[in-house]
Amino acid sequence: MNDTIHILTTRIAPDFLITFERFQETHRIYAVDSSGQLYQKDEQYIDEWDDEKKQKVIEILNYYIDRGGVVVAIQKGETLLGFAGLDGMSVCRDECGHQPVLDCFSLLVWGVEPRICVRWVLRCTERN
């Protein structure tokens with residue numbers, strides 16, 4: 001059975017995540033200190049989604065779609081293996097209202113293999 005990639009641009013149905021099994025055991029994380037330096041620290045937790053959490057994620061993905069974003073989903077048969085949501089709204093402007101060199105956007109990625117959840121927020125860079 002081949003994997004199928006779907007690009008979704010319309011609101012997602014409430015049962016979108018019904019076959020998605022979310023479980024992540026974390027022992028170390030990356031964090032950013034007050035000076036902006038990236039470092040690793042011990043932080044242990046288990047992240048497992050119930051139906052309520054899945055509905056909250058669907059709300060976030062639909063919010064992205066409503067703002068012109070997309071959701072990319074990968075399926076094997078009827079099983080959702082992973083997905084990513086890309087927020088379509090540029091939210092950054094400099095003090096004068098000019099468009100920045102790099103728009104801000106948020107990208108959420110979840111997957112079964114490997115079990116990951118990554119959130120990137122690219123921020124505007126200051127103009128010289």
Side-chain angles (χ1 to χ4, degrees):
M1 194 173 307
N2 291 337
D3 296 348
T4 307
I5 298 174
H6 303 277
I7 299 176
L8 310 170
T9 58
T10 58
R11 289 184 67 82
I12 295 170
D15 64 350
F16 174 69
L17 296 176
I18 199 162
T19 63
F20 189 71
E21 296 296 326
R22 169 70 177 157
F23 179 86
Q24 176 180 332
E25 189 173 340
T26 300
H27 300 281
R28 291 185 59 79
I29 66 168
Y30 284 95
V32 178
D33 65 21
S34 60
S35 67
Q37 295 296 312
L38 187 67
Y39 69 98
Q40 285 190 18
K41 69 177 186 174
D42 291 331
E43 187 166 319
Q44 297 186 20
Y45 60 90
I46 293 176
D47 186 18
E48 190 169 14
W49 292 357
D50 58 12
D51 290 340
E52 182 179 338
K53 175 64 176 180
K54 288 180 179 182
Q55 289 309 305
K56 288 179 182 177
V57 171
I58 289 171
E59 288 175 19
I60 292 168
L61 297 174
N62 280 331
Y63 174 75
Y64 286 0
I65 288 171
D66 290 346
R67 292 165 45 104
V70 299
V71 173
V72 178
I74 301 173
Q75 285 184 283
K76 182 180 285 274
E78 297 297 315
T79 303
L80 180 62
L81 298 179
F83 59 95
L86 178 62
D87 188 353
M89 186 66 69
S90 170
V91 293
C92 292
R93 298 284 186 271
D94 65 17
E95 299 82 32
C96 301
H98 296 103
Q99 187 73 17
V101 175
L102 176 65
D103 287 351
C104 285
F105 67 90
S106 182
L107 173 66
L108 291 169
V109 181
W110 287 280
V112 174
E113 296 297 339
R115 298 181 189 282
I116 58 168
C117 173
V118 179
R119 181 178 184 138
W120 289 283
V121 179
L122 298 182
R123 303 196 190 286
C124 298
T125 55
E126 291 184 278
R127 293 177 184 261
N128 294 330

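Note that the structure is a prediction, hence the values are computed from the model and not measured.
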ask   = Can you check whether Q75 reaches D3 side chain to side chain, under 4.5 Å on heavy atoms?
value = no
query = Taking atom CD of E59 and atom OH of Y64, what is their separation to the nearest 0.5 Å?
reply = 13.0 Å
key: Any side-chain heavy-atom pair of W49 and L17 under 4.5 Å   = yes
inquiry  = Are I7 and I74 connected into the same hydrophobic cluster when the rule is that any two of I, L, V, M, F, W, Y join if their side-chain heavy atoms are below 4.5 Å apart?
reply    = yes
request  = Check for a donor-acceptor pair, side chain of T19 on one end and backbone N or O of L80 on the other, with a separation under 3.5 Å.
outcome  = yes
inquiry  = Just so I know, are the side chains of F20 and T79 near enough to count as touching, which here means a heavy-atom distance under 4.5 Å?
reply    = no
query = Rounded to the nearest 0.5 Å, how far does NZ of K41 lie from OH of Y39?
reply = 4.5 Å
query = Distance-only, no hydrogens or angles: does the K54 side chain make a donor-acceptor pair with backbone N or O of E21 under 3.5 Å?
reply = no
Residue Q44 excluded, over 12 heavy atoms near CD under 6.0 Å = yes
request  = May I ask you to test the R22-D47 pair for a side-chain heavy-atom distance under 4.5 Å?
outcome  = yes
query = To the nearest 0.5 Å, how far apart are CG in L81 and CD1 in I5?
reply = 10.5 Å
Qualifying residues under side-chain hydrogen bond (donor to acceptor under 3.5 Å, both in side chains), relative to T26, sequence neighbours excluded = Q24
message = So for atom CG, which belongs to L38, do other residues, nucleotides or ligands contribute more than 12 heavy atoms lying within a distance under 6.0 Å?
response = yes
Gap between atom CZ of R11 and atom CG of N62 - 0.5 Å precision = 4.0 Å
Side chain proximity check, Q40 to I29, heavy atoms < 4.5 angstrom = no
key: From L86, I65, T10, residue fulfilling side chain to side chain contact (heavy atoms under 4.5 Å, CB included) relative to V71   = I65
request  = Compare all side-chain heavy atoms of V57 with those of K53 and state whether any distance is below 4.5 angstrom.
outcome  = yes
request  = Verify the neighbour count for atom OH of Y30: are there more than 12 heavy atoms of other residues, nucleotides or ligands below 6.0 Å?
outcome  = no
task = Please indicate whether I18 has more than 12 foreign heavy atoms, meaning atoms of other residues, nucleotides or ligands, lying under 6.0 Å from its CD1.
result = no
task = Check the surroundings of atom CG in D33: do more than 12 heavy atoms from other residues, nucleotides or ligands lie under 6.0 Å from it?
result = yes
Note, F16 side chain near L61 side chain (heavy atom, < 4.5 Å) = yes
